[in-house]
Protein chains: 2
Amino acid sequence: MSVSEAAPKLAERYDLYAELARRGIRLTRQRRVLVETIQNASRHLDAESLWRQARARDASINLATVYRTLGMLKKLGLVDELDLMHLEGEKHYYEVSRARAHLHLACFGCGRIEEYQTEAFERLRQQVEEACGFAIQTGRLEFGGRCRHCRA
Amino acid sequence: MSVSEAAPKLAERYDLYAELARRGIRLTRQRRVLVETIQNASRHLDAESLWRQARARDASINLATVYRTLGMLKKLGLVDELDLMHLEGEKHYYEVSRARAHLHLACFGCGRIEEYQTEAFERLRQQVEEACGFAIQTGRLEFGGRCRHCRA
DNA sequence: GTATTTGCAAAAGCTTTGCTGCAAC
DNA sequence: GTTGCAGCAAAGCTTTTGCAAATAC
């Protein structure tokens with residue numbers, strides 16, 4: 001590439017609690033458990049994994065409530081929905097939004113998901129907004145291929 | 001943006017027939033109709049639209065055959081599968097691949113899909129390959145927001 | 001007390017699959 | 001004649017929805 005550029009570490013996740021409070025949104029007991037589970041997730045969750053993890057803390061939580069809560073957080077822009085190149089069926093994955101965009105790399109060999117943040121992506125987004133007159137609200141960049149380890 | 005750059009017109013679609021012939025792949029009658037329909041589609045097709053269009057020419061074609069043919073073309077890298085930000089349910093859309101990557105803009109207001117090709121996307125892809133050691137086979141960049149007309 | 005949310009079960013939407021017979025060479 | 005593909009119908013998987021009961025304030 002022409003301009004050398006270090007890969008910045010990922011920006012911090014939003015603090016869901018703080019954001020919801022700031023917007024005056026109150027949570028029921030179930031939603032509180034779900035929000036906490038999402039906030040502390042160590043990997044990309046699909047609806048059913050989230051459900052399983054949340055049920056460990058509140059066995060009464062229903063999968064429909066999981067979807068309804070995810071829908072609310074999506075609409076508020078607090079979580080992003082990913083496809084991860086449909087590596088594993090058609091389910092969606094969810095992650096807490098961050099102040100800066102990042103992209104996802106899905107390895108067709110081992111299923112590993114990598115994340116990468118770069119200014120070039122932010123700049124591209126801005127270029128598109130200006131060139132197309134489009135007010136971008138959300139975006140998703142996913143690459144599929146073979147990771148460093150699976151190429152060998 | 002820092003570097004002014006004209007938006008190139010989209011690169012040409014692959015010629016599916018030629019590519020299949022080059023690889024020594026022969027088509028059945030149904031697949032021939034499907035390939036032609038995809039090649040000449042004027043907009044992004046989902047499986048059912050493709051089915052409807054193809055059935056106008058061969059009423060016997062089954063939806064399962066549509067999916068099987070799309071699967072083959074995907075695997076060969078001749079068509080790309082898009083989500084278009086799930087603007088309309090969870091179905092997928094298909095388009096003939098092109099020599100250069102382009103991105104999609106989905107308007108949440110009117111449902112319009114725009115396409116945009118820029119060198120910056122190609123460069124970003126290459127940067128990612130080098131920085132992450134990833135051999136990218138396919139990629140998808142989609143933005144959702146409000147188009148020029150819906151912002152007014 | 002009123003408004004919202006929940007659990008449940010059923011439905012919906014899209015895609016895949018098993019199988020038998022037909023088509024391609 | 002062998003190999004693979006098509007049609008059909010059924011199943012599969014993920015997500016959404018209607019409704020009565022429960023919860024939140």
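Just the heavy atoms: all of them, side chains too, but no hydrogens, waters or symmetry mates, feed the values below. Chain naming here is simple, since letters A, B, ... match the order of the sequence lines and numbering starts at 1 in each.
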Min side-chain heavy-atom separation His102(A)-Glu95(A) under 4.5 Å: yes
Touch class at under 4.0 angstrom, heavy-atom based, for Arg31(B) against every strand present: sugar-phosphate
Any Tyr67(A) side-chain N or O less than 4.0 Å from OP1/OP2 of dT16(D): no
N/O donor-acceptor pair, side chain Arg68(B) with base dG4(D), under 3.5 angstrom: no
Parallel, tilted or perpendicular, as decided by the 30° and 60° cut-offs, for the rings of His86(B) and His92(A): tilted
Closest heavy-atom pair and its distance - Asn62(B), Trp51(B): C-NE1, 3.6 Å
Whole-Å distance separating the CG atom of Leu82(A) from the C1' atom of dT14(D): 16 Å
Atom-to-atom span, NZ of Lys91(A) to C1' of dC14(C) - whole angstrom: 16 Å
Backbone of Ala101(B) reached by a side-chain donor or acceptor of Glu122(B) within 3.5 Å: yes
Arg32(A) side, atom CZ; Leu27(A) side, atom CG - distance, nearest 0.5 Å: 6.5 Å
For Gly77(A) against Tyr14(A), the heavy-atom pair lying closest together: O-CE1, 4.0 Å
Option among Glu142(A), Glu115(A), Glu114(A) that satisfies the side chain to side chain donor-acceptor pair (under 3.5 Å) test with His104(A): Glu115(A)
Neighbours of DNA chain D within residues 41-65 of chain B, by heavy-atom distance under 4.0 Å: Ser60(B), Ile61(B), Asn62(B), Ala64(B), Thr65(B)
Spacing of His86(B) atom NE2 relative to dC14(C) atom P, expressed in whole Å: 12 Å
Whole angstrom value for the distance that separates C1' of dC14(C) from CG of Asp83(B): 12 Å
Filtered N/O pairs between nucleotides 21-25 of chain C and protein, under 3.5 Å:
| unit_1 | atom_1 | unit_2 | atom_2 | d |
| --- | --- | --- | --- | --- |
| dC25(C) | OP1 | Arg26(B) | NH1 | 3.0 |

Any His92(B) side-chain N or O less than 4.0 Å from OP1/OP2 of dT15(C): yes
Separation of atom CG in Leu70(A) from atom P in dT6(C), rounded to whole Å: 12 Å
Axial bend angle, the helix from dG1(C)-dC25(D) to dC25(C)-dG1(D): five-pair end segments, nearest 10°: 30°
Separation of dG4(D) P from Met72(B) CE (nearest whole Å): 15 Å
Heavy-atom side-chain proximity of Leu87(A) to Ile113(A) below 4.5 angstrom: yes
Separation of atom CG in Leu34(A) from atom P in dT5(C), rounded to whole Å: 14 Å
Arg68(A) side, atom CZ; Leu63(A) side, atom CG - distance, nearest 0.5 Å: 10.0 Å
Intermediate values then yes/no, salt bridge (charged side-chain N to carboxylate O under 4.0 Å, His left out), Arg57(A) and Glu36(A): CA-CA 11 Å; Arg57(A) 297 184 41 195; Glu36(A) 243 176 72; 3.1 Å; yes
Salt bridge (charged side-chain N to carboxylate O under 4.0 Å, His left out) between Arg23(A) and Glu19(A), worked out: CA-CA 6 Å; Arg23(A) 303 180 197 197; Glu19(A) 279 301 317; 3.2 Å; yes
